[in-house]
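Structure first, commentary second.
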Amino acid sequence: MAPVTPENDPLYRLRHSMAHVMAQAVLEIFPEAKIAIGPPVENGFYYDFDLPRPLTPDDLKDIEKRMRRILKGKHTFAYREVSAAEARDLFKDQPYKLELIEGLAQGQDEYGEKAASASTVISTYKHDTFEDLCKGPHVESLADIAPDGFKLLRVSGAYWRGDESRPMLQRIYGTAWPSKAELEHYLWQLEEAKKRDHRRLGKELELFMFSQAVGSGMALWLPKGAVLRDTLERFLREVQIDNGYLPVVTPHLGKIDLYKTSGHWYTYRDSIFPAVKEVENDDPENPEGEIYLLKPMNCPHHIEIYKNEPRSYRDLPLRYAEFGTVYRYEQSGELTGLLRVRSFTVDDAHLFVTPEQLEDEFIKVVELILYVFRTMGFADFKARVGLRDQGDTKYIGDDAIWDISQNAIINAAEKVGLPYVVAEGEAAFYGPKLDFIFRDVLGREWQLGTVQVDYNLPERFELEYTGEDGQKHRPVMIHRAPFGSLERFIGTLIEHHAGAFPTWLAPVQAVVIPITDRHVEYAQQVAKQLKAAGMRVEVDDSNSRMNAKIRTAQKQKVPYMLVIGDKEQEAEAVAVRLRSGEDLGALPVSEFQARLQDDINNHR
RNA sequence: GCUCCCGUAGCUCAGUCGGUAGAGUAUCUCCUUGGUAAGGAGAAGGUCACGGGUUCAAGUCCCGUCGGGAGCUCCA
């Protein structure tokens, strides 16, 4: 998430000032508290504290109360610049501030990053009794802040300076708005967002589940979710076949040496599931024996397929596609519904191309991904070019190759006219990538589709093809996955549509609702006819009234409800109700079938 | 993995000061056969996540484990 700045956030001053007021309130309650940093963030602010005990929700109420009292004082904010020595004296009891001051004195910003301008001014803002190391800006006066326009939302842990090895502080998050009405609107939005949460809808719509007995982070797909998933897979398979992809199928395991060759073993050892089989082995050259790992990615398997026979430039590009299930031992605290799991299926493909083909192929891949997103009705995503962080040593391959790859990606994005942001440190360890990012209902960002250029694995696996000149050449690989993972993609799809999937994806496309028992037989006939045409139709023959059946179908977000009474039975028709509540009246069954087929054909 | 919060019927939740559990809904049975978002009655459903501990007595208090949530860290 891009940092909030005074330039891009009109409420920056308000929220930044609220952070100061909160820090004052906390210090009044806990005079021994050590304060860290407290910036504005999207929709609010936070402040990090080192406190003598964990905070409870009741503490938040007390802090809020005290904040209101401080606001009533209508204090003004006073700015002053201080020397490093003065600052050290002023904050002599605040170790975190002292660390910040040392950083500032060395030309860093408050996050310890190198500041944009070389000469860092050390400044403070003071209101009432509270003076904080701060570059501002703030509101003129606390009189400008509505005392009922804010709320403290939660307290959670946060490492000092985001570093796992540093102390864990308590972070209090708050939201602040110019008025009570705007605050309430925001809180209402949060509630609405929760109703779209894929975890909740996944349960309500019977799409997927998790089982303690199976294990964390491993989704079990229920029949309705599996139908949705299968529909997506079939769609993408067809698109891929039309675009020259070749299906392959590979096992879920691979020998450890495969991942040593690829480099995954050294870089991602911690997140690879422990060995599943160790074969006894007396070979002193290879004391580890045969260790099999659950595959954390599909590329090495596809590479082996490439190596199965000598390749000619005439064979390229070669595009191997597989819905490949991979396993990654994510930290327990990272698991989140379908969005972060330990077992997931990548709609993977690896393209082996000549260097000359790279840019064209890359563009075609981006266009395919955009087509998939458009078909899904996804508009709320952004593209991010992930480059390596020059300071980090996890990346393999030499600089020249990275430069070529990075340029190829940026050129392609620009040729396609795809707006993108550049993010350093977001590359894969073997190459730069173009990611498609979406935000979930609670504002968290998740990577969906991805395209990666890779000169390194071909090198490591010594891939070759014979060129027009009869010489051996090294191919370039493109790794790509439009959905990214079926799990995460479906999670986002659920939230995007709030569970009301377009008809072609809906697990149940129509429910036939007989009004009385004597209509059940005809209802079943209708359903049989539609099912024979490949449509997903159910009959609600439960012992309840039509109104209740409609309510049930409505809550399940079924696109079409087909009501059948005497009139419809007589006319060989169905009375069509949409989940929007719209009543289309009676249609001949054949006419309804044509309409549903049209929806399916057009991905609506 | 770390900090904090949470775990009671399939689901959503109540359960006071510690005295061996309750609602709505879903399920099942019966009645009802109805025209666009809940017809009625009855029944069944719980090792209060799990394991220890304190106590005459634990859903309730304490410790641990597992699971979930928020955030941090991480993310091929």
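Sequence lines set the chain letters: A, B, ... in the order given, protein chains first and strands last, and positions in each chain run from 1. FYI, side chains are in, hydrogens and waters are out, and symmetry mates aren't considered; it's all heavy atoms of this structure.
- Between B:rA41 and B:rA37, the two C1' atoms lie 23 Å apart (nearest whole Å).
- Counting to the nearest Å, the C1' atom of B:rG1 and the CD atom of A:Glu330 are 12 Å from each other.
- Of the listed nucleotides (B:rG39, B:rG69, B:rC74), B:rC74 has the atom at the smallest distance from the side chain of A:Arg340.
- Only the P atoms considered, B:rG10 is 15 Å distant from B:rC28, to the nearest whole Å.
- Across all strands shown, A:Asp270 has no heavy atoms under 4.0 Å from either base or sugar-phosphate atoms.
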Donor-acceptor contacts, no H, no angles, side chain residues 194-201 of chain A, under 3.5 Å, sequence neighbours left out:
unit_1: A:Lys195; atom_1: NZ; unit_2: A:Glu192; atom_2: OE2; d: 3.1
unit_1: A:Arg196; atom_1: NH1; unit_2: A:Glu495; atom_2: O; d: 2.7
unit_1: A:Arg196; atom_1: NH1; unit_2: A:His496; atom_2: O; d: 3.0
unit_1: A:Asp197; atom_1: OD1; unit_2: A:Arg199; atom_2: N; d: 2.8
unit_1: A:Asp197; atom_1: OD1; unit_2: A:Arg199; atom_2: NE; d: 3.0
unit_1: A:Asp197; atom_1: OD2; unit_2: A:Arg199; atom_2: NE; d: 3.4
unit_1: A:Asp197; atom_1: OD2; unit_2: A:Arg199; atom_2: NH2; d: 2.6
unit_1: A:His198; atom_1: ND1; unit_2: A:Glu495; atom_2: OE2; d: 2.9
unit_1: A:His198; atom_1: NE2; unit_2: A:Leu338; atom_2: N; d: 2.9
unit_1: A:Arg200; atom_1: NE; unit_2: A:Glu204; atom_2: OE2; d: 3.3

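- By the neighbour-count criterion of 12 heavy atoms within 6.0 Å, atom NZ of A:Lys255 is sparsely surrounded, having that number or fewer from other residues, nucleotides or ligands.
- Here A:Arg328 lies in heavy-atom contact (under 4.0 Å) with a base.
- Sequence neighbours left out, the pairs with a member in residues 546-556 of chain A that pass side-chain hydrogen bond (donor to acceptor under 3.5 Å, both in side chains) are A:Gln554-A:Arg577.
- Counting only heavy atoms from C-beta outward, the side chains of A:Tyr455 and A:Ser405 approach each other to under 4.5 Å.
- Using a 4.0 Å heavy-atom cutoff across all strands shown, A:Leu169 reaches no nucleic acid atom at all.
- For residues 544-554 of chain A, proximity to RNA chain B is found at A:Arg545, A:Met546, A:Asn547, A:Ala548, A:Ile550, A:Arg551, A:Gln554, defined as any non-hydrogen atom under 4.0 angstrom from a strand atom.
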